[in-house]
Number of protein chains: 4
Amino acid sequence: MSHREGTEWRIRVAAIRALAKHGYADLSIKRIGEELGQSSSLLYHYFDDKDDLLLSTLDLVEEEFVDQRGRDEPSNPKEDLADLIDAFFDPFSVTTDDVTTADEIEFDVVLVYVYAELWAQATRDERYRAKITELETRFVDEITRTLERGIEEGQFRETPPTKTAEHIFALFLHELHTKTAVDRDEATEMTRTNLYDLTERELSVDLRNPE
Amino acid sequence: MSHREGTEWRIRVAAIRALAKHGYADLSIKRIGEELGQSSSLLYHYFDDKDDLLLSTLDLVEEEFVDQRGRDEPSNPKEDLADLIDAFFDPFSVTTDDVTTADEIEFDVVLVYVYAELWAQATRDERYRAKITELETRFVDEITRTLERGIEEGQFRETPPTKTAEHIFALFLHELHTKTAVDRDEATEMTRTNLYDLTERELSVDLRNPE
Amino acid sequence: MSHREGTEWRIRVAAIRALAKHGYADLSIKRIGEELGQSSSLLYHYFDDKDDLLLSTLDLVEEEFVDQRGRDEPSNPKEDLADLIDAFFDPFSVTTDDVTTADEIEFDVVLVYVYAELWAQATRDERYRAKITELETRFVDEITRTLERGIEEGQFRETPPTKTAEHIFALFLHELHTKTAVDRDEATEMTRTNLYDLTERELSVDLRNPE
Amino acid sequence: MSHREGTEWRIRVAAIRALAKHGYADLSIKRIGEELGQSSSLLYHYFDDKDDLLLSTLDLVEEEFVDQRGRDEPSNPKEDLADLIDAFFDPFSVTTDDVTTADEIEFDVVLVYVYAELWAQATRDERYRAKITELETRFVDEITRTLERGIEEGQFRETPPTKTAEHIFALFLHELHTKTAVDRDEATEMTRTNLYDLTERELSVDLRNPE
DNA sequence: GATGAATGAGGCTTCATTCAT
DNA sequence: TATGAATGAAGCCTCATTCAT
């Protein structure tokens, strides 16, 4: 995949890693250069300015997401839904401390943290908001389509797919938030339970016990 | 109430307003001074440094929250739950643009935006994380207690209160996120629906149609 | 005179000296700080930015000019004209090398060099152009008024005062230019001759030989 | 004419145009590259560094000047003087705004603006001063020679040619200055008048009314 | 002949903070 | 209590230049 090579791509990756490590508020051009292992002024050959680079970072998050999603052919809705949930929850097995400290974190882990990091910017900058909106729309759409397929195929109970997809996404956010921003261990334990209860009730399907 | 007066309190309020207006990443001592209408060096008489002030800001968020909660005697669990939900959703009738632009925003509106603003910091700074954790614990506890009271009084169906409270909180987060960080109107419309469906199903109570 | 004191005034003076020493193109905030003997960031307490400071510099040139002019009561037109010419030519007894090297140059000498330095900016920046225009207008007006007085009093021959004043100013520019920008010694020697010939012919008065 | 071709010549032209457009203080290698439409690093094949290029730029100004002058055989001194004056005044029919904005300005127009731009540099850099000195000497010499021919042929009154030539040049400078650096319309109108009065008086010849 | 990658130095400006008053 | 003066560090970005291709 050609877009996974070249200096421009390396800079974007460095920006993402630096963002995960230091956070948006403490992210400096200098630190991106350090993460890159090259002169910080180099990035001005490839991006207009800091904002341009950071915005493009969100494109990379999306590209990765698309690549990851497009990898497997959709087949069994129930399994697809389970996979999607796992893919979302997996990164959180890596703790925040690891992310802010370690040097070599797997990329999909880092991406989740970057996402959380840029929420706050989306509140004030419409460019960030537009990108994040698109990303989430895509994500929720994919859940919705999986639900629809399951309903068509009679695997899931009939339920308003959009509403249920949004509900699932809400529980994802809860997980993301409690894992990254607070120390409420009892809460994080509850997310999956609530998620499985939800699917059970809404879809009449139990994702926990694959028979 | 003594803690609502004096220069120290005014500084904290100014910090909160400046935080809501500019965001954590673009919050400077100078801007707090501007919001305060006094010299920025004044705050060094009352706080050790910027961090100290900002941290103390979270105390104020908590104080306000406590005051607000403690105002009314708990009475009817169903009504209490409905009030709690309304209190959370109300601030979002004020748009993000208003918050970042206007000068005189009602305080409880500002607080919600500040809260979203500080999530990201909590990821990296344990002091923020501790405060936010405490705040959320308190908030979820209150929901839990309300549910427990309702169950005791037979107003709600028997349900694991902690789990359900956490589920309600997840939907609160969803609302907070979609209202502040993305333009997904269809999503924001769905939050309340999901919330009411949840209470109906879990608690066998319909908060929408007070008979 | 109160405007001749205080940090703001000292900064403007430092800017002027640095401008004379290094020239507009090589004038940096750092160098102004060095000339001032204080931190370069200090100037941001008194001026919005570099441009603001430099523009204000021209105000100082004007203030000095006004003060200098307003010092003596106008009396004898012939003597006044001679004084005015001397005041303009005097600074050029200090060579360019002195200005760019020495530390303590008399202020009215420096001002002339600053003036030449900012011409080029006036071509591109209307704010500079406006200030320089005003300054020159004032200067030529004063020459004009002196001529008018001389004509009224019968000391000078009847001549269109505006046109002659402008002609005199043209010869001033010639002096300024040849003294600062080129090594054409024969030209500089000729300026005064041309100037005296002009007054003799136009005004029927010989400024060289006060009888 | 070989010196009017090739990449080196194109680079010099680009430098001149960029100089006229942005001014010396804001002239960067990058901008020259943009004006050239090629990579900025190209110029390091033809010039040692920025200074070298800019200095060579003045050679081009001189070459153009020489070409322009050498074009016609000197014939009638009176007509030659009139032509010379016209050639100097013509470029100023193009306004400063045009020069700093438009893309395709006639070359002799641009040259005048470049000349004014480099005065300030000549004050501090002897290499610039040497070139500008030579250029002006040549220019004034040509005026002087024209005057001498006119005197020899009896077309002009006997007058010290050097002094008068310098006086004419002073009025040229006045025109250059008022047209480029200030908004003093009344002054620019007066320059020609003064110039014609001068020739009439000094040379007993009226350039305005060719009978 | 021509380019794009790369860099270190330096540009302007904002920042958090201290201090004397 | 409150302020304005003052500063050093750091921020983002542009610059002139070199080098490999």
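Quick caveat, the model's predicted, so the values are computed rather than measured. Naming convention: chains lettered A, B, ... in sequence-line order (proteins, then strands); numbering from 1 in each chain.
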Find out whether [X] and [Y] are in side-chain contact, i.e. whether some heavy atom of one side chain is under 4.5 Å from a heavy atom of the other.
{"X": "B:I11", "Y": "B:Q38", "answer": "no"}
{"X": "B:T180", "Y": "A:W119", "answer": "no"}
{"X": "A:V61", "Y": "A:L118", "answer": "no"}
{"X": "C:L60", "Y": "C:F107", "answer": "yes"}
{"X": "B:L58", "Y": "B:R127", "answer": "no"}

Should D:T7 be listed as having a side-chain N or O under 4.0 Å from OP1 or OP2 of E:dA2?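 Yes, because at least one side-chain N or O of D:T7 sits under 4.0 Å from OP1 or OP2 of E:dA2.
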Rounded to whole angstroms, how far apart are [atom1] on [X] and [atom2] on [N]?
{"X": "C:E34", "N": "F:dT7", "atom1": "CD", "atom2": "C1'", "result": "15 Å"}
{"X": "B:L36", "N": "F:dT1", "atom1": "CG", "atom2": "P", "result": "14 Å"}
{"X": "C:F47", "N": "E:dC12", "atom1": "CZ", "atom2": "C1'", "result": "16 Å"}
{"X": "C:I11", "N": "F:dA5", "atom1": "CD1", "atom2": "C1'", "result": "10 Å"}
{"X": "B:E8", "N": "F:dT1", "atom1": "CD", "atom2": "P", "result": "11 Å"}
{"X": "B:D52", "N": "E:dA16", "atom1": "CG", "atom2": "P", "result": "14 Å"}
{"X": "D:D49", "N": "F:dC15", "atom1": "CG", "atom2": "P", "result": "17 Å"}
{"X": "C:Y24", "N": "E:dG11", "atom1": "OH", "atom2": "P", "result": "14 Å"}

Report, one pair per line, the protein and nucleotides 18-21 of chain E atoms (nitrogen or oxygen only) whose separation is under 3.5 Å.
none

If you look at every strand shown and take non-hydrogen atoms under 4.0 Å, does [X] touch a base, only sugar-phosphate, or nothing?
{"X": "D:L27", "value": "sugar-phosphate"}
{"X": "C:L43", "value": "nothing"}
{"X": "A:Y46", "value": "sugar-phosphate"}
{"X": "C:L53", "value": "nothing"}
{"X": "A:L42", "value": "base"}

Dot-bracket assigned to DNA chain E with the 3.5 Å Watson-Crick/G-U criterion, [ ] for crossing and | for other-strand pairs, is .||||||||||||||||||||
State whether the side chain of [X] and the backbone N or O of [Y] hold a donor-acceptor pair below 3.5 Å, judged by distance alone.
{"X": "A:E117", "Y": "A:Y24", "result": "yes"}
{"X": "B:R12", "Y": "B:D59", "result": "no"}
{"X": "B:K50", "Y": "B:L27", "result": "yes"}

Heavy-atom nearest nucleotide on DNA chain E for C:D51 versus A:S40: which residue maps closer to 5'?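 Result: A:S40.
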If you only use heavy atoms from C-beta on, which nucleotide in [options] is closest to the side chain of [X]?
{"X": "A:S28", "options": "F:dC12, F:dA2, E:dT13", "result": "F:dC12"}
{"X": "D:S39", "options": "F:dA2, E:dT17, E:dG4", "result": "E:dG4"}
{"X": "B:K50", "options": "F:dC12, F:dA2, E:dA16", "result": "E:dA16"}
{"X": "B:I29", "options": "E:dT13, F:dA2, E:dT17", "result": "E:dT17"}

Side-chain donor/acceptor pairs under 3.5 Å, residues 42-49 of chain D, sequence neighbours excluded:
residue: D:D49; atom: OD1; partner: D:D51; partner atom: N; Å: 3.4
residue: D:D49; atom: OD1; partner: D:D52; partner atom: N; Å: 3.0

Ion pair present between B:E34 and B:K21, side-chain N to carboxylate O less than 4.0 angstrom?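 Salt bridge absent between B:E34 and B:K21.
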Heavy-atom nearest nucleotide on DNA chain F for C:R10 versus D:K30: which residue maps closer to 5'?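 On the 5' side of the pair lies C:R10.
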